[in-house]
Undergrad: 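Shown below is the structure under consideration.
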Amino acid sequence: MLTRTLRKAVRPLVTSVPRSDKFHPSTQSEFINELHMIDPMEIERLPVYRVMDRSGKILRENQDPKFTKEQCVKMYKAMIKTNEFDRVMYDAQRQGRVSFYMTNYGEEAAQIGSIAALNPDDLVYAQYREAGVIFYRGFTYQQACDQCYGNVDDKGAGRQMPVHYGSRELDYVTISSPLTTQLPQAAGSAFALRRAGEKRVVMCYFGEGSASEGDAHAAFNFAATLNCPVIFFCRNNGFAISTPVEDQYNGDGIASRAPGYGMMTIRVDGNDLMAVFNATVKAREIALSENRPILIEAITYRQGHHSTSDDSSRYRSVDEVNMWQKTDHPISRFRQYMMTQGWWSMEEDAALQKSLKKDVLIFPLVTAEKKKKPSIESMFDDVYDVLTPELERQKAELMDHLKQYGKHYNMDQFVK
Amino acid sequence: MIGVTRKTARAMLSRGVNATASVRTHMHFKFQPDDAPAELGATEKTNMCNAIKSAIDIQLARDESTIVFGEDVKFGGVFRCTDGLMDKYGSDRVFNSPLCEQGIAGFGIGAAVAGACTIAEIQFADYIFPAFDQIVNEAAKYRYRSGNEFDCGKLTIRSPCAAVGHGAHYHSQSPEAYFAHTPGLKVCVPRSPIQAKGLLLSAFEDDNPCIVFEPKILYRAAEEQVPVGHYKIPLGKADVLREGTDMTMLSWGTQIHVVREVASIVEEELGISIEVIDLVSILPWDRETVCNSVSKTGRCIITHEAPITCGFGAELQATITSECFFDLEAPPQRVCGLDTPFPHVHEPLYMPTKWKLIQAVKEVMDA
């Protein structure tokens, strides 16, 4: 009797000997008795899910998302509008009218296919190469031009460089330049939305280069351990500025990392709008019904330069770019599908591009250019919810300085 | 241990404990409690750790969106500041994060952006640096860069800081100066249980990302009659703890208690009247109270544990010199930690001790 009581009272040094051959509750792994180092090359590379072939033909009927003509035309127009906007703004930068710009060439399907699969109020975090996403949501060209010019109508109040879009109304969190910081934030937002009982998924876009940052590791681990309904959408476009993927990672891309975190994953053809769409629909369903994160790796190709400060011919051949443009362009693949359905024609295409350039795109640019910048005093707003005494003092000091020296500052560009 | 009986081992351990007891329990300060303002109602004798727990408990009760997390938070925290809260509110609200400060900060920002009152713990202020990018580049700039479309004002980061007697490089740091340099953040340091609870409750409701650095040595050493209910101590306001006429001494956190002791000693032994100010808030800091005081007394000593070069005392000394120059009888001085990493065995010599302060008071008076 006494012995039994003592045995219960004394805490054993190790937990009781496992009855099965599985080692340790935390891994549930089998024992083996032959020494074997696992070479990653032994593990099969993750396959790429695609619905259409390169000429827009659906390969398996049961994977057809069964878009209506209206849906197709809406998504196609969104891709074209993003593309045309890029052309106009890139030229505007070259002419010195806008200080900086980043294009989305080649990634239109990855952007539009994914955002079209979400609800309008799903919360979006992005990196910087997702303009198509915010346009699809309803951001106007005027708003985008206003942001690029940082004028008085810029939602961002003239505070950040061009393409740093954001809109509370459209549930698109304002982007920031530091890479990958949005990933753990997306996990945190998903946690909070889940706790609040909201059936909204968080969608988080990032590039394959960005996935090397510690914040990506943090985000994947937090999202998986804390049951966060978040979709991590990686645009693997082959480059991080000049750095090709061979210099970015040694493993099987980004998707292969997910199982290491206990997270579901899929690799998709990022230039196949239907594959991107299908995967995102499924990811959203799983994320919300099971309260878990999903990683989607969209393999695509960055057809443009990193930004207007980059000349990519310095690190890749023009032939390579042309090859992708001719043989695997997301817009032409989808257009070919639409044309075989009888839902689009080359005449309509030419008319669309013409009308976009003239009416929709040039006008907002010219209008944005003419608007004044936000007032000088507004520079002190939003550091905090209300100005601190010290900020009030600095503002008064600056305005006083300008009374004497204002003529050296080109003050006419600012609203009074 | 091979060759040692259990009995001998026990004896060795207890001898060891006794032998080191004086080192471990020796403190460079004596905590001086304050009275709670009468209007705050009923009080209870509470140490700083439990005062902090009370603040978090009250916030969890009054705001359903509130979440509290960090490393080891679920079982109660390594300092017991969240003890029992998981049992009370559930592990969906009081939970462990993985061991990753950049994740704690980033996740915390995101939760705040989505509307949750978010209380994120960084286990030791010495480990806040992986979170520096998220705090400085993201949290601090969230509202500004988005033109007020988005903000993470519901985020509060709390972190134990400062000397504990044996913490050395990585369990003793006071990193407030790094964050003081970042517009958009609010940073404060409580000196006592009453302050800790009230400042946290202010931070939780403040619509800006706040960092509260809690001097860990005070968790158990500081006990006061703390109001049991909800109350707030304002951010951005300094506290004049003792009025004086000859000199202003300015500090925060644990060091306030060293200053208070020095003020008593020099009053008694040398007849010098010291005005003692607890800065309380590092960012934004209360220029008006501080400069009014130094203009009145004409002399100033600023003291903090963090290393002197570019410690927050530098900002204070620069501003005081500039604003109060014509009222000064002597140059403002700083008595701070040395410009070394925080040492282990040499801690008593590294610190801005009461003897260094007494020497400084004499020198400033004689200047």
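Just so we're on the same page: letters track the sequence lines, and every chain starts at 1. As the structure is a computational prediction, the values presented were derived from the model and not from experiment.
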Undergrad: Using non-hydrogen atoms only, which part of A:R393 is less than 4.5 Å away from chain B: side chain, backbone, both, or neither?
TA: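 Contact with chain B: side chain only.
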
Undergrad: Taking atom types as modelled, find out whether A:T181 and B:E138 have a side-chain donor-acceptor pair closer than 3.5 angstrom.
TA: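 Note: A:T181 and B:E138 side chains meet the donor-acceptor criterion.
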
Undergrad: With distance as the sole test, does B:Y144 use its side chain to make a donor-acceptor pair with the main-chain N or O of A:M379 at under 3.5 Å?
TA: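 Yes.
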
Undergrad: Where does B:T319 contact chain A at under 4.5 Å (heavy atoms): side chain, backbone, both or neither?
TA: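 No part of it gets close to chain A.
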
Undergrad: Select one option (side chain, backbone, both, neither) describing which atoms of B:D133 are under 4.5 Å from chain A's heavy atoms.
TA: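 Only the side chain of B:D133 comes within 4.5 Å of chain A.
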
Undergrad: Between B:I109, B:N208, B:I67, which residue shows the highest count of heavy-atom pairs closer than 4.5 Å to chain A?
TA: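 Of B:I109, B:N208, B:I67, B:N208 has the most heavy-atom pairs under 4.5 Å with chain A.
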
Undergrad: Under 4.5 Å heavy-atom distance to chain B, tell me which part of A:D381 shows up: side chain, backbone, both or neither.
TA: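 For A:D381, the contact with chain B is made by the backbone alone.
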
Undergrad: So for B:L185, is it side chain, backbone, both, or neither that comes closer than 4.5 Å to the heavy atoms of chain A?
TA: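 Answer is backbone: N, CA, C or O of B:L185 sit under 4.5 Å from chain A.
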
Undergrad: Give the minimum heavy-atom separation between A:C228 and B:F107, together with the two atoms involved.
TA: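 What the structure gives for the nearest pair is SG-CE1, 3.9 Å.
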
Undergrad: Highest number of heavy-atom pairs under 4.5 Å with chain A: which of B:G184, B:A114, B:S65, B:A112?
TA: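 Sorted descending by pairs with chain A, the first entry is B:G184.
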
Undergrad: In terms of heavy-atom pairs under 4.5 Å, which option from A:E198, A:H164, A:R194 contacts chain B the most?
TA: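 Most pairs with chain B among the choices: A:R194.
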
Undergrad: Take a 6.0 Å sphere around NZ of B:K74 and say whether it holds more than 12 heavy atoms from other residues, nucleotides or ligands.
TA: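 No, not enclosed.
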
Undergrad: Return the OG to CZ distance between A:S176 and B:R145, rounded to the nearest 0.5 Å.
TA: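 Here the interatomic distance stands at 4.0 Å.
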
Undergrad: Quick one: pull up CZ in B:F150 and CG in A:D171 and give me the separation to the nearest 0.5 Å.
TA: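 The CG atom of A:D171 is 7.0 Å from CZ of B:F150, to the nearest 0.5 Å.
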
Undergrad: Can you tell me which portion of A:A196 sits under 4.5 Å from chain B's heavy atoms? Options are side chain, backbone, both or neither.
TA: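 No part of it gets close to chain B.
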
Undergrad: Does A:R159 reach the side chain of B:K141, with side-chain heavy atoms less than 4.5 Å apart?
TA: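 A side-chain contact under 4.5 Å is absent here.
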
Undergrad: Does the side chain of A:F191 reach to within under 4.5 Å of the side chain of B:F95, using non-hydrogen atoms?
TA: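 A:F191 vs B:F95: side chains touch.
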
Undergrad: With chain A, which of B:A116, B:S146, B:P209 has the greatest number of heavy-atom pairs at distances under 4.5 Å?
TA: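 The option with the most such pairs is B:S146.
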
Undergrad: If we define contacts as heavy-atom pairs under 4.5 Å, which of A:L183, A:L226, A:L123, A:N227 has the most with chain B?
TA: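 Maximum pair count with chain B is reached by A:L226.
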
Undergrad: Could you list the donor-acceptor pairs under 3.5 angstrom formed between side-chain atoms of residues 215-223 of chain A and any protein atom two or more places apart in sequence or on another chain?
TA:
residue	atom	partner	partner atom	Å
A:D215	OD1	B:Q102	NE2	2.8
A:D215	OD2	B:Q134	NE2	2.9
A:H217	ND1	A:Y261	OH	2.7

Undergrad: Is the shortest distance from a Lys or Arg side-chain nitrogen in A:D385 or B:R143 to a carboxylate oxygen in the other one below 4.0 Å?
TA: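 No salt bridge links A:D385 with B:R143.
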
Undergrad: So which residue, B:E288, B:R93, B:K186, ends up with the most heavy-atom pairs under 4.5 Å with chain A?
TA: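 Highest number of pairs under 4.5 Å: B:R93.
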
Undergrad: Side chain from CB out, backbone as N, CA, C, O: work out which of these in B:E64 comes under 4.5 Å of a heavy atom of chain A, or both, or neither.
TA: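 For B:E64, the contact with chain A is made by backbone and side chain together.
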
Undergrad: Below 4.5 Å from any heavy atom of chain B, which atoms of A:Y125 appear? Answer side chain, backbone, both or neither.
TA: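 Side chain only.
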
Undergrad: Go through A:D154, A:T225, A:I175, A:V383 and name the one with the most non-hydrogen pairs under 4.5 angstrom from chain B.
TA: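 With the most close heavy-atom pairs to chain B, the winner is A:V383.
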
Undergrad: At what distance, to the nearest 0.5 angstrom, does CG of B:L283 lie from OG1 of A:T388?
TA: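 Output value for this atom pair is 8.0 Å.
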
Undergrad: Look at B:P284, B:P98, B:G103, B:G115 and state which one has the largest set of heavy-atom pairs under 4.5 Å with chain A.
TA: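 Most heavy-atom pairs within the cutoff with chain A belong to B:P98.
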
Undergrad: NE2 of A:H401: more than 12 outside heavy atoms within 6.0 angstrom?
TA: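 Atom NE2 in A:H401 is crowded, with more than 12 foreign heavy atoms closer than 6.0 Å.
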
Undergrad: Could you tell me which of A:A190, A:A157, A:A187 has the largest number of non-hydrogen atom pairs under 4.5 Å with chain B?
TA: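 Heavy-atom pairs under 4.5 Å are most numerous for A:A187.
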
Undergrad: At a 4.5 Å cut-off on heavy atoms, which part of A:R168 comes close to chain B: side chain, backbone, both, or neither?
TA: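 Backbone plus side chain of A:R168, per the 4.5 Å heavy-atom cut-off to chain B.
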
